[in-house]
Every structure is written in C-alpha cells, then in structure tokens.
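Scroll down for the structure; my scribbles are underneath it.
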Amino acid sequence: MKHRKFLALFTTIALLICCAVGAVPASAAGEGQTLAKAYIRTDGVPEHLADGADLSSGFEFVTNAYLTAAEPYYSLEGVEDHLVRKPSAIVGENETVLWYEIVNAGGSWRVHGVVLPTYSVTYDANAADAQGTTTDGAKYHMYSTVIARENGFTRDGYVFAGWNTKPDGTGTAYQSGNVINEIDMSAGSVQNVTLYAQWQKAPDSGTGTGETTTLGIVTPKRMSVRFGDGTIYSNGDSLQIEIGKTYYFQMCSNNWENDTYDDDGNGLCGTVVYKVRVSDRYDERSYDESTHTFVLPKGDPVLRTDVNSCFMAYRFHFTKGDYNKQTGIEQVVEPPLESLSVNLPLGSTIWADAYIASQWKDTAPVFIARDEQHLDRSYTDYYWNY
C-alpha cells in the first residue's frame, strides 16, 4: 500500500466522520461487485472483530462501498485494492484512515477502518561541518513499513557509520535500507522521529609523494561520482590528485530528466564510501572488496567504476507482461518509463513506483545489492506482481 498516496488529508475537523456519499442501491452493483457498509472505529484501535460483533457503539457509519471480491479478509496492509472506491472520510490535518478489514456478518458485508495519527521521519547530520541533505517527505502511521533512507550527508575527514535514534549513538542503530521498527507511536499523538547520522574518523589517508597526476573518471551513462569535498564528476571529467594519497568518493545515479546529480534532490547518492589511490608504481592495480579500495597504476590513473563493484543494473518488469506498464524511481526516473533498465549505486534504497496505463498501482522500497549467487551477472531483474 502506498501510504504517501493512499488518502488525501483534509485540514478540517479531527475525528469527526461525515457521510460524504449517500447510500447506494444494491441494484446498482455491477457484475462481480458486492455492496458493503463502511464503518470507522472511533476508539482508535484497529483490531479484528468477530462475525456478528455489535457496531452500535464505538463505530460510526461512513458510507456504502462496492467490493470487487467479497471474501473474509483481514490485513493491516489495507483493502484499497479490494474496493471499487474507497469510502470517504474527513479527518484532521495530521491524520489518515487505515481501511483494514472486510467481514461477512450474518450475510451482510462490511469494511472497517480506523483513524490514525501520522508521523514523519527527519534525518539530522549530527555535525555542524557536515554537508548535503537527507530527506523523507512521506507521512507514515503506526503500521507503515518505514525504511531508513540512504545517507546524503558528507563530512570531511569522517566516514558515515549509520543512523541512530540518539545523537550520541546510545539509542537504536539502523543502517540505510533497514526497517525502522522501534518507533513508539502512542494512540492519538502526532510524532516526529529523528535519526541522527553517526560518524567515524576516516583512517589515515596515506602519505602522498608530493607529486600530482591527472585522475580520469569513467562512469556509465546517467551516473556520476561524488568526491569527499562534495564535487561531482561525470564520465570524461578529470581532477588533479596527489600520488600516494587516498581519496574518498560515492557512486550516484543522475536524474534522468536533466542528467544531473546534486545534493538538492536531483538523482540518488549511494551509501557505500569508496577509496581510490594512485600508486607510485606502474604495475600496481587492484580492487579490495572488503575496504572498497581502488589502487591505480601511475601509468594509467583512470578510475573506472564498474558494475558489481560500484553499481548494479536493475531491469524492471511485470509478471503479466510489460506492455502499457511503467516503473518510476523517486529522484531518478520521473515520469515513469516502460520496460525500464537503470544503473543504481550499491548500498542504496530506492523507492520505486509501478503504473499501469499511467495509473499508480504500487510502491516498494528496493535495496540495491549484488546477487551473491550470480556474481557473474551484470544485472538484476525486478518483477512487479501485475
């Protein structure tokens, strides 16, 4: 369920539910559709009800709604895919409605919902000298699946070590891509959860020889590298570096609309921090997977970012065929494209959207990683179940 696009939040009265649509005659139901009465709980507690439960107290009738599949169904993931239209309910500015249960009670069908407070997640750089941004504009409720975002902050002389619910690192720790599961949402409250960046002092960058050279950059199309000082380099760019000194960088996917990555919302920056050093020897070339370190020979100082080491090509498909079906990726590919194939930085979590005939169907967090079972493959297939 896509919580960010699930239900418009109207800035009116809180917890007062109105009958937005009048009763609909059962005879108006189409083939395969079943009329159900929609109720909403007024006590703020979403829990399963036994068949024949008394709705005379603790509930308010909202409206009628047609079901496309009249089967007993219970899930905190919601029932929007089982309704011809979602029941209308007016809620407060910081509230949403979770429609969560379809029940057959004595031969009559009903769908239940509950008003829930929403909350947001804020990311704090936790250092005055840090640069960049990490944002999450979504509104969640207590049953949302919340994924820790990839880090967009950088700090000279430090390496990002993850997120924590406390600035000093004594709270609950998360890595980008982890499910945030320690949020205490009290019924009736509106909260903002803050995750603080944790930093580790970067290891000694090595003793440079004092001699400089020109480092060339090679990336695939629509990708960039972001060096530790915040400078973005694209394919074919170059920079002056000191031989023997270690430099830090991250892989980035560009925004396809303008072929740009920046720290202001264009594109996606990977969470893996890589190192590159040009050797003072002509025969030394290596890549250490455990430390993400490139060593380049003095005679060929070219940083060649490579699939399986720095990024993975993801191919998005639909199980029932790709025709007239599209995929979009937040900050990278919008509007969505059909039969999409895109290079994405390892260690990042993307938010992908599925569309059919330009109509949104689903959202999923996808953690970008190598296929450890097929390391020889230069791509990963991702399938939407539509």
### Query
Can you find a pair of side-chain heavy atoms, one from T327 and one from V333, that are under 4.5 Å apart?
no
### Query
Taking C-beta and beyond as the side chain, do S176 and F160 meet within less than 4.5 Å on heavy atoms?
yes
### Query
Hey, does the side chain of Q326 reach the backbone of N324 with a donor-acceptor pair shorter than 3.5 angstrom?
yes
### Task
Considering non-hydrogen atoms only, spot the tightest contact between W384 and A352 and give its length.
CH2-O, 3.4 Å
### Query
Between L67 and L83, which heavy-atom pair has the shortest distance, and what is it?
CD2-CD2, 3.0 Å
#### Entry: Audit row: V218, T305, side chain to side chain contact (heavy atoms under 4.5 Å, CB included) steps and yes/no
CA-CA 6 Å; V218 175; T305 57; 5.6 Å; no
### Task
Fit a plane to each ring of F61 and Y39, take the angle between them on a 0 to 90° scale, and name the class: parallel (under 30°), tilted (30 to 60°) or perpendicular (over 60°).
perpendicular
### Query
Within the distance-only criterion (no hydrogens, no angle test), does the side chain of Y174 pair as donor or acceptor with the backbone N or O of I147 below 3.5 angstrom?
no
### Message
For D168, give me all partners under salt bridge (Lys or Arg N to Asp or Glu O under 4.0 Å), at least two apart in sequence or on another chain.
### Response
none
### Task
May I ask you to test the V179-V146 pair for a side-chain heavy-atom distance under 4.5 Å?
no
#### Entry: Set of residues satisfying ring-ring contact (aromatic ring centres under 6.0 Å, His included) with respect to F227, sequence neighbours excluded
Y233, F249
### Query
Between CD of E150 and OG1 of T134, what distance do you get to the nearest 0.5 Å?
7.5 Å
### Query
Can you check side chain to side chain contact (heavy atoms under 4.5 Å, CB included) on W256 and V332, steps first, answer last?
CA-CA 6 Å; W256 280 30; V332 179; 3.8 Å; yes
### Query
Do T363 and D353 pass the side-chain hydrogen bond (donor to acceptor under 3.5 Å, both in side chains) test, and can you show the C-alpha distance, the side-chain angles, and the key distance before you say yes or no?
CA-CA 4 Å; T363 293; D353 294 319; 2.6 Å; yes
### Query
So with a 6.0 Å cut-off around CD of Q200, is the heavy-atom count from everything else above 12?
no
### Message
Parallel, tilted or perpendicular, judged at 30° and 60°: which one describes the rings of F316 and Y314?
### Response
tilted
### Query
Same cluster or not: are I217 and V295 linked, directly or through other Ile, Leu, Val, Met, Phe, Trp or Tyr residues, by side-chain heavy atoms under 4.5 angstrom apart?
no
### Query
How are the rings of F59 and H112 set to each other: parallel, tilted or perpendicular (split at 30° and 60°)?
tilted
### Query
Does the T209 side chain pair with the main chain of G244, one donor and one acceptor, at a distance under 3.5 Å?
no
### Task
List in chain and number order the residues that pass side chain to side chain contact (heavy atoms under 4.5 Å, CB included) with S120, two or more places apart in sequence or in another chain; answer none if no residue qualifies.
K139, N192
#### Entry: Common cluster, V225/L239, ILVMFWY with side-chain heavy-atom separation under 4.5 Å
yes
### Task
Walk me through it: do M251 and V272 pass the test side chain to side chain contact (heavy atoms under 4.5 Å, CB included)?
CA-CA 8 Å; M251 285 298 299; V272 180; over 6 Å; no
### Message
Surrounding CG of D288 (heavy atoms of other residues, nucleotides or ligands, distance under 6.0 Å), is the total greater than 12?
### Response
yes
### Carboxylate-amine/guanidinium proximity below 4.0 Å for R149 and E330
yes
### Query
Hydrophobic cluster mates of Y261, side-chain heavy atoms under 4.5 angstrom, ILVMFWY only, any path?
I232
### Query
Closest heavy-atom contact between V307 and A313?
CG2-N, 4.3 Å
### Task
Any salt bridge (Lys or Arg N to Asp or Glu O under 4.0 Å) involving residues 310-327? Give me the pairs, sequence neighbours left out, ordered by first then second residue.
R315-D381
#### Entry: Which residues share a ring-ring contact (aromatic ring centres under 6.0 Å, His included) with F311, sequence neighbours left out
none
### Flag side-chain contact, heavy atom, 4.5 Å: R155 against D129
yes
### Message
Suppose we screen for ring-ring contact (aromatic ring centres under 6.0 Å, His included). Which residues come up paired with F367, at least two apart in sequence or across chains?
### Response
none
#### Entry: Close side-chain approach of R277 to T293, heavy-atom, < 4.5 Å
no
### Query
Do Y196 and W199 have ring centroids that are under 6.0 Å from one another?
no
### Message
Quick one: does any side-chain atom of Q250 pair with a main-chain N or O of G270 as donor and acceptor, under 3.5 Å?
### Response
yes
#### Entry: Partner residues of Y379 under the ring-ring contact (aromatic ring centres under 6.0 Å, His included) criterion, sequence neighbours left out
none
### Task
Would you give the length of the straight line joining atom OH of Y355 to atom CZ of F318, rounded to the nearest 0.5 angstrom?
10.5 Å
### Message
Please find the pair of heavy atoms, one from G228 and one from D156, that lie closest to each other, and give the distance.
### Response
O-OD1, 2.9 Å
### Task
Mind jotting down which residue pairs meet the salt bridge (Lys or Arg N to Asp or Glu O under 4.0 Å) criterion with at least one end in residues 260-273? Sequence neighbours excluded, please.
R226-D263
### Task
Would you list the pairs meeting salt bridge (Lys or Arg N to Asp or Glu O under 4.0 Å) in which at least one residue belongs to residues 297-311, sequence neighbours left out?
E211-K298, R285-D300, D300-R304
### Message
Check for me, please, whether Y287 and Y247 land in the same ILVMFWY cluster - side-chain distances under 4.5 Å, paths through other members count.
### Response
yes
### Query
Rounded to the nearest 0.5 Å, what separation is found between the CZ atom of R281 and the CD atom of E284?
4.5 Å
### Query
Does the side chain of P345 come within less than 4.5 Å of S253's, by heavy atoms?
yes
## Note on the structure
When rounded to the nearest 0.5 Å, the distance separating CD1 of I329 from CG of N255 is 11.0 Å
### Pairs flagged by side chain to side chain donor-acceptor pair (under 3.5 Å) wherever residues 213-224 is involved - sequence neighbours left out
T214-Q240, S224-N254
### Pairs where residues 338-348 contributes a residue and the test side chain to side chain donor-acceptor pair (under 3.5 Å) is met, not counting sequence neighbours
none
### Message
On a heavy-atom basis, which atom in A369 and which in T380 lie closest, and how many Å separate them?
### Response
O-OG1, 4.4 Å
### Task
Evaluate the criterion side chain to side chain contact (heavy atoms under 4.5 Å, CB included) for residue pair W163 and Y123; output intermediate values, then yes/no.
CA-CA 9 Å; W163 304 105; Y123 293 85; 3.7 Å; yes
### Task
Look at the rings of Y274 and H292 and say which category their plane angle falls in: under 30° parallel, 30 to 60° tilted, over 60° perpendicular.
perpendicular
### Task
Answer with yes or no whether the hydrophobic clustering places Y383 together with Y386; edges join I, L, V, M, F, W, Y residues whose side-chain heavy atoms lie under 4.5 Å apart.
no
### Message
So, taking the atom named CD in E95 and the one named CG in L116, what distance separates them when rounded to the nearest 0.5 Å?
### Response
9.0 Å
### Query
Does any N or O in the side chain of N178 come within less than 3.5 Å of the main-chain N or O of A148, such that one atom is a donor and the other an acceptor?
no
### Message
Contact between E289 and R370 at the side-chain level, heavy atoms closer than 4.5 Å - yes or no?
### Response
yes
### Non-hydrogen atoms of G113 and W99 that approach each other most closely
CA-CE3, 3.6 Å
